[in-house]
Amino acid sequence: MNLWTKLMCYSRRRSPWLFHMNGGSCNGCDIELIASLTPRYDAEQLGVRLEGSPRHADILCVTGPITHNAVNAIKTVYGQVCGPKAVIAIGSCPATTNVFIDSRTLAGPLNKHLPVDVFVPGCPPRPDAIIQGVAKAAEILAERAAKKQPVDPVVMPLVGPGCGGACACGAKSEPAAEEVKL
Amino acid sequence: MNLTTALARLLIFPGLLFAVPFAWFFLWTERKAVALMQGRIGPPFMQPFYDFIKLLGKDTPPRTGVGGMLMKLWPLIAVSAAAGAVGLLPVLPSSGGFEGDLILLLALLELPSMCIIAAGFSSRSIFGEIGSAREAVLSVAYNVVFLLAIVSIAASQHTFRLEALAQLPASPLRWLGVLAILVCLPAKLHINPFSLPNAEQEIYSGPMTEYAGPELAMWELSHGLEWVAATGLVATLTAPYIGIWWLAILVFLALSCLVVLLLSVVAAATARLAIDTTVRFYWQVTLIFAVLAVSSALFMRLRS
C-alpha cells in the first residue's frame, strides 16, 4: 500500500458525508439521525456532514420499510451517489420491514434492492448507535480504497432501549459530548 | 513587478503555497467557531484537508459535450482567480505591485462568483439554476456597496495601488469603507445571514448540486481561497505599516483570523434571510452609507 492509498484510507475514514433518504419511515429514525448531529452527540467530531445533494455524499442512510412508492426513488438516488459508496439501513424497518411485515404496500426489505453495508437495528436506534454505524461504514469505505472487498454486511449491536432521559422511564441522561477518537 | 517576483508571489507567498493551507485553516476555523457557539466540540483540525483528499478520490458522473467540459472548467477558473487575488495582496513590505492592481484584485475576487453562476446554469439542474439566479441577484446587490466602499477608500487616498494604500495611515474615511466591506463579506462568502445561493434546506446545494468528486474539491478549495483573499483585503487595509517582514506577516495573519472569527460568530448567531429582505438590506440600508462615504471622499478630494 503506497502513501497516497494510505492517505486516502485515512481521509475516507475521517470524512463520511451522509445523504438521508426516507423510504416510508414513520419519522422516528429520521429524528434520531438528526439528533446525532445535535450538540449532545455531535457527529461532526468524526467529520460527518449531512449533505443536501446525493452527488456529494459517500454514505446513503435509508430509513423506513421501503414502500412501493419509494423503491424507484431510492434506486435513482443510489445511482446518483458517486462511488466509492456505502449504504446504511437505519432502524429495524429497512432491515426486516419490522411490524409492517407482509403488508401489500411494501417492497422491502432494503437489501432486496440495494447492497446494504451496515444495519443499525432499533426502533428507533439510539443516536450513538447510528454514529457507531456511520463510523463502521466509513471504515468499509476506507477498505474499498485499499481495494479489499468487504465480505458480509455488518449488523451493529443493539444499544439498549431508551429515550435519552427525556421521559420518566428512569433512564439516566448520558454525559454530554466528549471527544471521540476513531 | 518583474516576472520572477510575480511568479513568486503567485506560487509561494502570499500565493498558492501559503494560501492553500490557510484556506483549509480558515474553513476549519469557521466550522469550529460555529460548533463552539452551538455548544458542540466540532470537527478536528485537519478536517478540511481530509475532506479535500477524500473528494479527490471519488468518481465523477460521466459528462459529455460542451456542457460537460464547461462544468469541469468552471471550478478550475474559480480556483485560479481566487489564488491570483491572494497573490496580489501586499503582505510583505516593499513587495512591489503596480498602479491599478486594486482594480485587478477586485476583478479576480469577483470571478469565482461569476463561475458559480455559470456553473449552476451549465449543470442544468433546477436547483442549480435557482441557486445561480439567487447568486446573480445577490452579487448585483452587494457589489454596488462593495465597489463604492473600495472607490471611496481609493479616492480618499488618491491611489489605486494596493501597496500605497497599505502604507498610508488610515483616515476615518477608510474605516467607514472597511466597515462597508465587512458588511458585504458574508454575502461574498455565502455564509449566514446571506447564504442564499447554497441554502441547503431549501435548494439542496444550489449551483453545486450536480458537482461531485474532484470538481467539488476544487469548489471547496476556491471557497477557502476566497476566504483568504477577502479577509486578507480587510487585513491589508486595516494593518498599520510595518517595515519588518516577519512582523508584517504575523500582523496580517492575526488580523485575517480576527475577521474570520468575527464573520463566523455572525454566521452562527444569525439565520438565513429571504432573498427580498437581503436585496432590500443592501439597496436601502447599506447603500446610503456607501454613497455617503464616496461623496465625502470626493468632497475631501475637491477641497485638498
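Note that the coordinates shown come from a computational prediction; the quantities given were computed from them, not determined experimentally. In what follows, chains carry the letters A, B, and so on, assigned in the order in which the sequence lines appear, proteins first and then strands, with residues in each chain numbered from 1. Just so it is clear, the values below take in all heavy atoms, side chains as well, and ignore hydrogens, waters and symmetry mates.
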Best-contacting candidate, Thr60(B), Ile203(B), Thr209(B), Asn198(B), against chain A by heavy atom pairs under 4.5 angstrom =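 Among the listed options, the one with the most contacts to chain A is Thr209(B).
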Which of Glu51(A), Arg49(A), Gln80(A) touches chain B most, by non-hydrogen pairs under 4.5 Å |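 Answer, by heavy-atom pair count under 4.5 Å with chain B: Arg49(A).
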Find the one option among Gly52(A), Pro16(A), Ser15(A) whose heavy-atom pairs under 4.5 Å with chain B are most numerous.
->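 Top option by heavy-atom pairs under 4.5 Å: Ser15(A).
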Kindly check if the number of other-residue, nucleotide or ligand heavy atoms within 6.0 Å of CE (Met37(B)) is above 12?
->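 Counting neighbours around CE of Met37(B), more than 12 heavy atoms of other residues, nucleotides or ligands fall under 6.0 Å, so yes.
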Neighbours of chain A found in residues 210-220 of chain B - heavy atoms under 4.5 Å |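 So far as heavy atoms go, Glu210(B), Tyr211(B), Ala212(B), Leu216(B), Glu220(B) are the residues that approach chain A to under 4.5 Å.
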Anything in residues 56-66 of chain A with a heavy-atom distance to chain B below 4.5 Å? Please list those residues in order.
->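 Contacts with chain B: His56(A), Ala57(A), Asp58(A).
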Please confirm whether the backbone N or O of Arg14(A) pairs with a side-chain atom of Gln47(B), one donor and one acceptor, at under 3.5 Å?
->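 Yes, Gln47(B) side chain to Arg14(A) backbone: donor-acceptor pair under 3.5 Å.
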Name the region of Met46(B), side chain, backbone, both or neither, that has any atom closer than 4.5 Å to a heavy atom of chain A.
->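 Contact with chain A is absent: no heavy atom of Met46(B) under 4.5 Å.
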Check: [Y] and [X] side chains under 4.5 Å, non-hydrogen atoms:
X: Arg40(A); Y: Pro127(A); result: no
X: Val183(B); Y: Phe281(B); result: yes
X: Trp4(A); Y: Leu56(B); result: yes
X: Tyr142(B); Y: Phe194(B); result: no
X: Pro207(B); Y: Phe127(B); result: no
X: Tyr204(B); Y: Arg55(A); result: no

Consider only side-chain N and O atoms of Ser103(A) and Thr105(A), and report whether a donor and an acceptor are under 3.5 Å apart.
->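 Yes.
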Can you name the side-chain hydrogen bond (donor to acceptor under 3.5 Å, both in side chains) partners of Ser113(B), sequence neighbours left out?
->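 If we apply the side-chain hydrogen bond (donor to acceptor under 3.5 Å, both in side chains) test to Ser113(B), skipping adjacent residues, the hits are Glu110(B), Glu135(B).
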Relative to each other, are the rings of Phe45(B) and Trp28(B) parallel, tilted or perpendicular (30° and 60° limits)?
->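 The arrangement is perpendicular - the two ring planes meet at more than 60°.
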Can you say whether Trp17(A) sits under 4.5 Å from chain B via the side chain, the backbone, both, or neither, judging by heavy atoms?
->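 For Trp17(A), the contact with chain B is made by backbone and side chain together.
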Residue pairs, two or more places apart or on separate chains, that pass salt bridge (Lys or Arg N to Asp or Glu O under 4.0 Å) and touch residues 20-31 of chain B |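 For residues 20-31 of chain B, and leaving out neighbouring residues, the salt bridge (Lys or Arg N to Asp or Glu O under 4.0 Å) pairs sorted by first residue read Glu44(A)-Arg31(B), Arg31(B)-Asp51(B).
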